Amino acid sequence: MTVFSFCVCVCVCFTVLADNHVNNICSTWGTQHFKTFDGDVFQFPGLCEYNLVKDCRKSENKFSVHIRREENDGNITISYVVVTISENTFTLTKTEVAENENPVTLPHYSGGVKVEESTFYIKLRATKVGIIVMWNREDAVMVEVSNTYQNQTCGLCGDYNGVPVYDEFMDNGFKMTPIEFGIKHRVHLPNDGCKDPHVEDDESKTNVSDSCKAFQIFHGDSWSSCAGLISAEAFIQACVVDMCACNNGTSDLCICSTMSEFSRQCSHAGGQPPNWRRPDFCGKQCAYNMRFEESAFPCMDTCTHQDTRLVCEDHKTDGCFCPPGTVFDDISERGCIPRSECQCKHDRIYDSGEVYRHEKTNCTCSEGKWECETFERPATCAVEEGSHFTTFDGTTYAFHGNCIYTLAKVESKVNSVSFFIVDK
């Protein structure tokens, strides 16, 4: 790996080299990094509430997304995300989700908006509006909008006009610095004592100590599918900034966020990033026997929904997934199991092969699905000792009589047959 012994904190253009949905995505990650819809990557270390993206059509104004970062013990993360869809406001925090200040339980559906969570993400989708917001509950937020919003957005994500720099960083013909651009999109709240970063902090840092180093980690055969789709240069520079600001130059946390974002961007662009993490390097822990994958379809097959993957319309993402050849047991919560071990649920949980009997139907649990067979049981009506009767339905009774009685009779519109018994 090539070692960079310089640190230049500048706004760098991120070039998209292939046609893919990465152009519909704006994101922020780490302590201060942003990527606009048009591909600009810049740094803005503001800790106030800022407008990440907004529908700026005066006649529409269908959505807005605000974020706020906070610093705790030197660790900077996103403290909350506020998404407004029409008249409803969804507040996402690390511990709860609220709609119009009322806490909700996930998954939550309301007014065409779905909010759900996975191992690492909270995801809000408003299909009719055409927006998806994903937050990893830590440092990274991604917003995806439909093509209908081209040249119609504003905020830190830019105007989505397909042209880097213009018009995001231009003001009356003069180019703004990233910090000036960020301050422009601050959301001013009542009694908010937060302060914007100083514009002087935006100057390039060319003289740094030798301890400020970052690694060229995005090249090599393992990243080959990404190299042809996106440029790594902006992320290498972001990594340099991370290392410069890191208190411990050898800490994994200094570069994990940018590596993770580059991996996500590669996936959005249609590439297949490698599983580059190790237990001792940016590792992720999964529950049960699931495996962490850098890029996989999030629609996971389960015992009760075994064909979810076939109808999945979501983009690939990172997360915890079942190994090939298994499905997730959402009945007994046993983790990832072979489909042949899937159980069925009715009045209780049935193992594969067990039979549930009800009236004229036998249902066998087979790999999580019921296979039922309906049949007609022979019915018997009987008379014993001349006075003890058993009906077709199994009822028994005694009756004494010396007349002629109808024991059974079958009738139809075509003909009728009668059976008689004479008790002498």
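FYI, the numbering just counts along the sequence from 1. Basis for what follows: all heavy atoms, side chains included, without hydrogens, waters or symmetry-related copies. Note that the structure is a prediction, hence the values are computed from the model and not measured.
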Measure from the side-chain N and O atoms of [X] to the backbone N and O of [Y], and report whether any donor-acceptor pair falls under 3.5 Å.
| X | Y | result |
| --- | --- | --- |
| Asp159 | Asn161 | yes |
| Thr390 | Ala382 | no |
| Ser263 | Met259 | no |
| Thr361 | Thr374 | no |
| Thr84 | Thr89 | no |
| Glu180 | Thr177 | yes |
| Asn24 | Glu144 | no |
| Arg277 | Cys282 | yes |
| Gln306 | Glu367 | yes |
| Thr36 | Tyr160 | no |

Answer yes or no: is there a side-chain heavy-atom contact under 4.5 Å between [X] and [Y]?
| X | Y | answer |
| --- | --- | --- |
| Pro45 | Ile179 | yes |
| Val65 | Val83 | yes |
| Met134 | Ile122 | no |
| Asp38 | Gln150 | no |
| Cys342 | Val327 | yes |
| Met170 | Lys175 | yes |
| Arg186 | Asp196 | yes |
| Val133 | Val141 | yes |

Indicate the atoms forming the closest heavy-atom contact of [X] with [Y], along with that distance.
| X | Y | answer |
| --- | --- | --- |
| Met142 | Ile25 | CG-CG2, 3.5 Å |
| Ala269 | Ile230 | CB-CG2, 3.9 Å |
| Ile331 | Cys303 | CD1-CB, 4.3 Å |
| Ala126 | Val113 | CB-CG2, 4.1 Å |
| Gly271 | Leu229 | N-CD1, 3.2 Å |

So, do [X] and [Y] have ring centers that fall under 6.0 Å from each other?
| X | Y | value |
| --- | --- | --- |
| Trp276 | Phe262 | no |
| Phe389 | Tyr397 | yes |
| Phe90 | Phe63 | no |
| Phe292 | Phe120 | yes |

After noting the C-alpha distance and the side-chain angles of Asp330 and Lys345, does the key distance pass the salt bridge (Lys or Arg N to Asp or Glu O under 4.0 Å) rule? CA-CA 11 Å; Asp330 55 348; Lys345 190 173 184 180; over 6 Å; no

Would you mind checking if Asp314 and Arg125 are paired as a salt bridge, meaning a charged N to carboxylate O distance below 4.0 Å? yes

Is there a ring-ring contact (aromatic ring centres under 6.0 Å, His included) between His268 and His315? Walk through the geometry before answering. CA-CA 7 Å; His268 294 319; His315 303 306; 7.1 Å; no

Please indicate whether [X] has more than 12 foreign heavy atoms, meaning atoms of other residues, nucleotides or ligands, lying under 6.0 Å from its [atom1].
| X | atom1 | answer |
| --- | --- | --- |
| Lys316 | NZ | yes |
| His188 | NE2 | yes |
| His305 | NE2 | no |
| Glu333 | CD | yes |

Between the side chains of [X] and [Y], is a donor N or O closer than 3.5 angstrom to an acceptor N or O?
| X | Y | answer |
| --- | --- | --- |
| Glu261 | His33 | no |
| Ser27 | Gln265 | yes |
| Tyr80 | Glu70 | no |
| Tyr121 | Glu116 | no |
| Gln343 | Ser352 | no |
| Ser146 | Thr148 | yes |
| Gln272 | Ser225 | no |
| Arg69 | Thr28 | yes |

Partners of Arg334 by salt bridge (Lys or Arg N to Asp or Glu O under 4.0 Å), sequence neighbours excluded? Asp329

Parallel, tilted or perpendicular, as decided by the 30° and 60° cut-offs, for the rings of Phe42 and Phe34: parallel

Any idea how His185 and Phe181 line up, ring-wise: parallel (<30°), tilted (30 to 60°), or perpendicular (>60°)? perpendicular

Is Arg348 close enough and on-axis enough to Tyr350, meaning under 6.0 Å and within 45°, for cation-pi? yes

Apply the test ring-ring contact (aromatic ring centres under 6.0 Å, His included) to residues Phe321 and Phe297: give CA-CA distance (whole Å), side-chain angles for both, the deciding distance (0.1 Å), then the verdict. CA-CA 9 Å; Phe321 303 91; Phe297 288 104; 9.4 Å; no

Derivation and outcome, side-chain contact (heavy atoms from CB on, under 4.5 Å), residues Asn88 and Glu99: CA-CA 7 Å; Asn88 294 327; Glu99 179 181 3; 3.7 Å; yes

For Trp29, run the side chain to side chain donor-acceptor pair (under 3.5 Å) check against Asp242, Thr258, Asn136, Asp139 and tell me which one passes. Thr258

Only one of Glu71, Glu138, Arg137, Lys94 passes side chain to side chain donor-acceptor pair (under 3.5 Å) with Thr77; say which it is. Lys94

About how many Å separate [atom2] of [Y] and [atom1] of [X], when rounded to the nearest 0.5 Å?
| X | Y | atom1 | atom2 | answer |
| --- | --- | --- | --- | --- |
| Cys154 | Arg57 | SG | CZ | 11.5 Å |
| Ser295 | Arg264 | OG | CZ | 12.0 Å |
| Lys62 | Ile85 | NZ | CD1 | 10.5 Å |

Working for side-chain contact (heavy atoms from CB on, under 4.5 Å), residues Trp370 and Cys365: CA-CA 5 Å; Trp370 288 111; Cys365 178; 4.0 Å; yes

Yes or no on salt bridge (Lys or Arg N to Asp or Glu O under 4.0 Å) for Glu341 and Arg339, after CA distance, side-chain angles and deciding distance? CA-CA 5 Å; Glu341 297 179 10; Arg339 185 170 300 186; over 6 Å; no

Stepwise salt bridge (Lys or Arg N to Asp or Glu O under 4.0 Å) test for Lys35 and Asp40: CA-CA 5 Å; Lys35 171 195 163 292; Asp40 286 303; over 6 Å; no

